[in-house]
Q: 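Right, I'll just put the structure down here and ask away after.
For this chain, numbers begin at 1 and follow the sequence in order.
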Amino acid sequence: MLVRTLQVVVHCEHKTLWNMLIDRLQHPERYLVGITEARVTEEGEDIFISEMLLHGEPVKERVLVRPYDGELRHELLEHPQFTGFIARKIVKTARQSPVAPLYLEYDLDLLRKSLKVQRVVRGEDEILTDLGSEMQKIRVRAEEMDSRR
């Protein structure tokens, strides 16, 4: 079981960071290494179905969009290694200050499907490294967007 919280400080407005998370939902290949194909196959008011090829393996997820909570909850429907979810969310560092930095937080709750592996698969450390790199790309782009204003 992989239960972990990853967090990075981002110096930008909430709206800018939220727009980055929505862009990541629609274009994950811009942020995550190893994605060769990606598309949103179903789109509702607050639920999306996303399909992609990640390191050559099909991945399908249901994404619950919760703008008032600043959260996107990605539930894995099809994944070669894991079941579970990843919640990507924006957390305030201070309740009172509108100019305080934000946390971009990823909550992982993943369960490995099988300990018997038939082929080489990515390890948990590699997955955490990939997600950490994704978070840094989002942070850099959000801070660059805000600095242009």
Q: Evaluate the side-chain proximity of Asp109 to Leu2: yes if any heavy-atom separation is below 4.5 Å, no if none is.
A: no
Q: Can you check whether Glu61 reaches Met52 side chain to side chain, under 4.5 Å on heavy atoms?
A: yes
Q: Who passes side-chain contact (heavy atoms from CB on, under 4.5 Å) against Gln26, sequence neighbours left out?
A: Ile22
Q: State which residues pass side-chain contact (heavy atoms from CB on, under 4.5 Å) with Val140; sequence neighbours excluded, sorted by chain then number.
A: Glu144
Q: Thr129: what forms a side-chain hydrogen bond (donor to acceptor under 3.5 Å, both in side chains) with it, not counting sequence neighbours?
A: none
Q: What donor-acceptor contacts under 3.5 angstrom involve side-chain atoms of residues 28-39, with partners at least two apart or in another chain?
A:
residue	atom	partner	partner atom	Å
Arg30	NH1	Asp23	OD1	2.7
Arg30	NH1	Asp23	OD2	3.1
Tyr31	OH	Asp23	OD2	2.5
Arg39	NH2	Glu51	OE1	3.4

Q: Can you find a heavy atom in the side chain of Leu64 that is under 4.5 Å from one in the side chain of Leu72?
A: no
Q: List for me each residue that meets side-chain hydrogen bond (donor to acceptor under 3.5 Å, both in side chains) alongside Asp69, sequence neighbours excluded, and say none if there are none.
A: Arg66
Q: With a cutoff of under 4.5 Å between side-chain heavy atoms, which Ile, Leu, Val, Met, Phe, Trp and Tyr residues group with Leu53?
A: none
Q: So how far is it from Ile138 CD1 to Met20 CE, rounded to the nearest 0.5 Å?
A: 8.5 Å
Q: Could you check whether any side-chain heavy atom of Gln136 comes within less than 4.5 Å of a side-chain heavy atom of Val8, counting everything from C-beta outward?
A: yes
Q: Given a cutoff of under 4.5 Å between side-chain heavy atoms of I, L, V, M, F, W and Y, with clusters grown through shared members, what are the other residues clustered with Val9?
A: Val91, Tyr103
Q: Side chains of Leu128 and Leu108, heavy atoms from C-beta outward: is any pair under 4.5 Å?
A: yes
Q: Please identify each residue that fulfils ring-ring contact (aromatic ring centres under 6.0 Å, His included) with His79, with sequence neighbours left out.
A: Phe82
Q: Return the set of residues passing side-chain contact (heavy atoms from CB on, under 4.5 Å) with Phe48 (not counting sequence neighbours), or none when no residue passes.
A: Leu25, Val40, Glu43, Val63, Val65
Q: Tell me, do Lys113 and Thr83 make a side-chain contact under 4.5 Å, heavy atoms counted?
A: yes
Q: Can you list everything that forms a salt bridge (charged side-chain N to carboxylate O under 4.0 Å, His left out) with Arg139? Sequence neighbours excluded, please.
A: Glu143
Q: Nearest 0.5 angstrom please: Arg4 CZ to Leu131 CG, how far?
A: 11.0 Å
Q: Could you check whether any side-chain heavy atom of Leu21 comes within less than 4.5 Å of a side-chain heavy atom of Ile90, counting everything from C-beta outward?
A: yes
Q: Taking salt bridge (Lys or Arg N to Asp or Glu O under 4.0 Å) as the cut-off, I'd like each qualifying pair that reaches into residues 75-88, sequence neighbours left out, listed once.
A: Arg62-Glu75, Arg88-Glu134
Q: Under a 4.5 Å cut-off applied to non-hydrogen side-chain atoms, are Leu104 and Gln7 in contact?
A: no
Q: With rounding to the nearest 0.5 angstrom, report the CD to CG distance, Glu105 to Leu6.
A: 9.0 Å
